[in-house]
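Values reported hereafter were calculated over all heavy atoms of this structure, with side chains retained and with hydrogens, waters and symmetry mates removed.
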Amino acid sequence: MEERFLPIGIQDFEDLRTKNFIYVDKTAYIYKLAREGKPYFLSRPRRFGKSLLLSTMEAYFLGKKELFKGLALENLEKDWTVYPVIKISFGSGSYETKEKLLSIIDYIMSGYEEQYGIEKKSDNPAVRLSSLIIQLFEKTGRQVIILIDEYDKPILDALYTEFEELNRQELRNFYSPLKENDKYIRFIFITGITKVSHINIFSGLNQLNDISLVSDYSAICGISETELMQYFTPEIESLAKRHGMTVEETKEKLAYMYDGYHFTHDVEGVYNPFCLLKCFYEKDFGSYWFESGTPSFLVKTLQNQPFELTNLVNGRLANENQFKNYDPDSKNMLPVVYQSGYLTIKGFEKEDRLYTLDFPNHEIEQGFLEVLLKKFVTVPDDDIGLEITNLRVALRNRNIDKALSIIKAAIADLPTIVRKDQCENYYESVTHLMFRMTGYRVASELQSVAGRSDVVVMTKDAVYIFELKMDKERDFEEAAAEALAQIDANGYAERFAISGKTMHRVGLVFSSDGKGLVGWKVK
């Protein structure tokens with residue numbers, strides 16, 4: 001069999017095609033975009049192929065027809081016109097200060113000025129970009145292509161610092177020529193992880209066509225189930241052989257680990273391409289999305305609004321405006337969590353136009369919960385995995401005292417990011433997170449982090465029904481009795497009676513003074 005090369009981390013289309021890497025053909029999307037419109041915006045999570053998409057667009061508009069041999073565009077495009085292309089990528093480098101941002105912009109502009117023999121007429125980034133666009137049009141007689149990759153990285157790198165707004169102002173100034181020179185521009189395509197109030201950043205570009213939630217482009221990045229079978233059948237068969245599984249079992253495991261992204265409702269799901277390719281390369285079902293570390297802006301968000309995120313772990317109903325646009329001045333963290341890929345669209349209620357957002361797959365769920373947990377517990381990072389394993393074993397063995405002793409130790413002290421008046425929210429959140437991390441099915445009536453709620457954990461042969469109470473100037477016995485009475489009064493156990501599993505009713509009592517888990521009673 002001919003040797004096959006997996007394009008792990010390959011972001012350059014020409015490099016990919018000339019070295020015979022496997023390419024999942026997305027060129028029909030590019031042809032459709034180029035024919036139908038002009039200014040576009042696309043939001044997708046990291047490691048989803050945005051940079052490769054822009055590199056493919058660049059090759060297309062530069063007229064590199066030979067690179068598209070055997071692809072959809074070869075037959076679709078009849079007139080291979082060569083356009084001047086300005087590709088601006090903020091993917092490399094860090095932008096914690098305004099000076100770093102200006103330095104990268106200067107580097108990018110200098111490269112194009114040198115390439116096309118254009119005189120630098122000003123140090124002002126906007127003036128330089130405007131001059132570059134106009135002179136390229138005059139030199140070539142053709143309108144200019146503008147491709148901007150990871151436009152939001154200079155903002156996300158400076159999130160919650162004094163430079164966040166400064167960087168936003170500099171970008172707003174830099175991008176201002178995109179509207180002023182509209183007649184010289186043939187096509188604009190902008191990508192990023194988040195949609196950060198783009199109207200404010202791309203000054204005047206209020207006609208920017210956001211295709212992030214458009215069904216026709218839902219699979220423009222990522223690998224669909226159809227594409228998986230079309231392009232990677234040999235890899236699936238090899239993976240199945242390596243693990244002693246059938247092809248169908250292997251496909252199910254791949255879907256469980258890496259599939260499940262939906263960027264609108266009622267469309268085929270897509271796989272994270274990086275994780276899928278790494279799995280094929282290493283022939284192992286590992287957690288690859290987190291191997292390069294958690295995005296720093298997510299950690300900053302978590303530290304800034306620690307309890308906004310814990311309310312999302314059971315599926316969240318939201319209208320489109322609640323997760324489509326990220327406003328740094330808002331307390332709504334949902335757009336950050338959704339757009340960074342930790343949540344995806346899992347359902348849609350047409351009458352009220354409400355979306356259900358939830359984890360796309362097992363890999364992301366486990367990674368996200370671990371990120372949360374590391375911020376909220378006193379257990380050292382390297383011991384969290386061990387403690388979760390011990391908790392899982394204790395639940396499996398029906399050792400409730402052991403299980404709750406582990407949780408008690410983990411929340412013995414309030415983390416510095418949690419105020420004492422938030423301790424009730426904190427205890428409810430972390431208790432839920434730790435149970436969820438065990439891998440057992442967890443159901444929660446948690447409607448908001450401010451409300452008391454029961455947590456139900458289901459193992460193979462047991463159901464644990466936990467009711468959480470604060471002592472609040474009453475003794476432990478009274479609070480525990482109230483918790484157990486509430487379980488019975490609300491009929492929580494009745495919902496699971498048909499399962500035939502052993503029922504364990506547990507009342508948990510927490511300290512309202514921030515002193516952790518006071519104790520528990522089991523019925």
Side-chain angles (χ1 to χ4, degrees), residues 9 11 40-55 87-96 101 104 147-161 164 167-168 171 175 189-202 208 210-214 217-222 260-264 270-275 288-305 308-309 312 318 320 322-328 330 332-345 357 359-360 363-364 367-368 371:
Q11 299 180 346
Y40 294 99
F41 173 81
L42 176 70
S43 166
R44 285 294 184 267
R46 66 192 179 108
R47 294 186 158 184
F48 240 87
K50 299 187 299 295
S51 297
L52 178 59
L53 177 67
L54 259 65
S55 178
K87 184 182 171 192
I88 299 166
S89 176
F90 291 112
S92 59
S94 59
Y95 305 88
E96 291 88 354
L101 172 59
I104 295 293
L147 305 175
I148 303 174
D149 194 19
E150 297 199 47
Y151 87 97
D152 52 349
K153 193 170 186 294
I155 300 168
L156 299 178
D157 280 359
L159 211 58
Y160 307 120
T161 73
E164 180 185 348
N167 283 0
R168 193 155 53 222
L171 288 174
Y175 294 138
F189 200 89
I190 301 163
T191 77
I193 294 176
T194 60
K195 191 179 180 188
V196 187
S197 303
H198 74 81
I199 292 176
N200 294 327
I201 295 172
F202 298 101
L208 197 61
D210 182 0
I211 62 171
S212 304
L213 295 174
V214 174
Y217 298 105
S218 62
I220 193 171
C221 291
Y261 289 93
H262 298 85
F263 297 106
T264 186
V270 294
Y271 291 75
N272 180 299
F274 178 82
C275 300
Y288 302 111
W289 205 54
F290 289 85
E291 69 177 17
S292 63
T294 305
S296 59
F297 78 91
L298 179 72
V299 175
K300 292 175 185 175
T301 299
L302 185 61
Q303 291 171 332
N304 190 57
Q305 295 288 334
E308 289 296 318
L309 302 187
L312 307 174
E320 188 173 310
Q322 287 178 289
F323 65 91
K324 186 176 181 179
N325 299 320
Y326 169 54
D327 180 359
S330 170
N332 178 23
M333 297 296 106
L334 188 59
V336 176
V337 187
Y338 166 77
Q339 293 170 1
S340 56
Y342 292 94
L343 295 177
T344 194
I345 295 169
L357 305 181
F359 296 113
E363 181 194 26
I364 298 305
F368 181 71
V371 169

Inset, instruction - Compare all side-chain heavy atoms of Leu171 with those of Pro154 and state whether any distance is below 4.5 angstrom. - result: yes

When every non-hydrogen atom of Pro273 is compared with those of Gly222, the smallest separation belongs to CD-CA, 3.8 Å

- Side-chain contact test, heavy atoms from C-beta onward, threshold under 4.5 Å: evaluate it for Ser212 versus Lys324 and give yes or no. no

(message) In the structure I gave you, are the side-chain heavy atoms of Tyr342 and Trp289 within less than 4.5 Å of one another anywhere?
(response) yes

Are any of the side-chain heavy atoms of Leu334 and Leu343 separated by less than 4.5 Å?
yes

Of all heavy-atom pairs linking Pro45 and Ser340, the shortest is CB-O, 3.6 Å

Sorted by chain and residue number, the ring pair (Phe, Tyr, Trp, His ring centres under 6.0 Å) partners of Phe90 (sequence neighbours excluded) come out as Tyr95

Rounded to the nearest 0.5 angstrom, the CD1-OG distance for Ile104 and Ser92 is 6.0 Å

Practice task
Take Glu96 and Thr161 through the side chain to side chain contact (heavy atoms under 4.5 Å, CB included) test and state the conclusion after the steps.
Solution key: CA-CA 8 Å; Glu96 291 88 354; Thr161 73; over 6 Å; no

TODO: Decide yes or no on side chain to side chain contact (heavy atoms under 4.5 Å, CB included) for Tyr288 and Glu363, but give the supporting numbers first.
DONE: CA-CA 8 Å; Tyr288 302 111; Glu363 181 194 26; 4.1 Å; yes

Interatomic distance, CZ@Arg47 vs CD@Gln11, rounded to 0.5 Å, equals 9.5 Å

- Query: Can you tell me if Ser218 uses its side chain to pair, donor with acceptor, with the backbone of Thr264 under 3.5 Å?
  - Reply: no

**Study point:** Stepwise side chain to side chain contact (heavy atoms under 4.5 Å, CB included) check, Asp210 with Leu42
**Key:** CA-CA 6 Å; Asp210 182 0; Leu42 176 70; over 6 Å; no

Between the side chain of Thr191 and the main-chain N/O of Lys50, is any donor-acceptor distance below 3.5 Å?
no

Could you check if a side-chain atom of Phe189 sits within less than 4.5 angstrom of a side-chain atom of Phe41, using non-hydrogen atoms only?
-> no

Taking every heavy atom of Pro360 against every heavy atom of Gly341, the minimum-distance pair comes out as CG-O, 3.8 Å

Tyr338 meets the ring pair (Phe, Tyr, Trp, His ring centres under 6.0 Å) criterion, sequence neighbours left out, with Phe323

Check: Given side chains that start at C-beta, do those of Thr344 and Leu357 come closer than 4.5 Å, heavy atoms only?
Finding: no

| query | Checking Asp152 side chain against Ile155 main chain: does a donor-acceptor pair fall under 3.5 Å? | reply | no

Distance col, row Asp149:CG vs Leu54:CG, nearest 0.5 angstrom, shows 5.0 Å

Check against side chain to side chain contact (heavy atoms under 4.5 Å, CB included), Glu150 and Ser51 | CA-CA 8 Å; Glu150 297 199 47; Ser51 297; 4.2 Å; yes

Salt bridge (charged side-chain N to carboxylate O under 4.0 Å, His left out) filter on Lys153, not counting sequence neighbours, yields Asp157

Q. Under 4.5 Å between any side-chain heavy atoms of Phe368 and Val337, yes or no?
A. yes

Inset, instruction - With the side chain counted from C-beta on, respond yes when Tyr261 and Ile364 share a heavy-atom pair under 4.5 Å apart, and no when they do not. - result: yes

>> Looking at Arg44 and Phe263, would you say the former's side chain and the latter's main chain have a donor-acceptor pair under 3.5 Å?
In response: no

